[in-house]
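Inspection log for the structure reproduced underneath, given as structure tokens.
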Amino acid sequence: MRFILQLLTWWNGQTLGTRLWTWRKGVRVGEDEFNNVYFETRDGKRRWVVYGDYSEASTVPAEWHGWLHHSFDNRPGHEELMRQEWELPHKENMTGSPDAYAPSGSIYSNADKKSDYQAWTPNS
């Protein structure tokens, strides 16, 4: 079933073209905690990711993003990425999910519903 979904849609992992390209030219170099698998060509000039689930770029952690975009040559696992004390662990984009950010005053916020907003009504 997964193969058929990949054959007919682009958002379920890899397409048939990507599967063939990866099979012919790709060398697997690693995997992250989101089950994304990273590849590069044998000459190291091209790098790409095959997403573990849906094709969602926000599931790529910072260290792999830097490697994919040639910001640094050492892939994650070889050299630890320097982290700041204020950095939080990577989390994918939660937009559209129950965990999405909702500022105070938003109708989606779970915070106290008190607000200084009063709806306008005609003739008042």
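The first residue of the sequence shown is numbered 1, and numbering continues consecutively from there. Source: prediction; values computed, not measured.
His70 and Gly44 get closest at one heavy-atom pair: CE1-O, 3.9 Å. Looking at every heavy atom in both residues, Arg47 comes nearest to Glu40 through NE-OE1, 3.7 Å. What you find for Gly26 and Phe39 is that their closest heavy atoms are C-CD2, 4.4 Å.
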Original post:
Going through the distances and angles, do Trp67 and Val29 end up as a side chain to side chain contact (heavy atoms under 4.5 Å, CB included)?
Top reply: CA-CA 11 Å; Trp67 178 81; Val29 295; 3.4 Å; yes

**OP:** Give the C-alpha distance, both sets of side-chain angles, the deciding distance and a yes or no for side chain to side chain contact (heavy atoms under 4.5 Å, CB included) between Thr22 and Trp48.
**Re:** CA-CA 9 Å; Thr22 302; Trp48 67 96; 3.0 Å; yes

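Within the 4.5 Å cutoff, no side-chain heavy atoms of Tyr101 are placed close to those of Thr95. A 4.5 Å side-chain heavy-atom check between Glu33 and Pro61 finds at least one atom pair inside the cut-off.
Separating the OG atom in Ser58 from the CE atom in Met94 is a distance of 9.0 Å, to the nearest 0.5 Å. One distance of note links CZ of Arg24 with CZ of Arg42; it measures 9.5 Å at 0.5 Å rounding.
Hydrophobic clustering (ILVMFWY, side-chain heavy atoms < 4.5 Å, transitive): Val27 and Trp21 are in distinct clusters. At a threshold of 4.5 Å between side-chain heavy atoms, the hydrophobic network of Ile, Leu, Val, Met, Phe, Trp and Tyr places Leu68 and Phe34 in two separate groups.
The closest donor-acceptor contact from the side chain of Thr41 to the backbone of Arg46 lies under 3.5 Å. Using modelled atom types, no side-chain atom of Arg75 and backbone atom of Gly30 make a donor-acceptor pair closer than 3.5 Å. Using a distance-only test at 3.5 Å, with no hydrogens or angles considered, a donor-acceptor pair links the side chain of Asn36 to the main chain of Thr59.
Using a 3.5 Å distance cut-off with no hydrogens or angles, the side chains of Asp99 and Ser97 do not pair a donor with an acceptor. Checking Tyr51 against Asn35 by side-chain atom types alone, no donor-acceptor pair falls below 3.5 Å.
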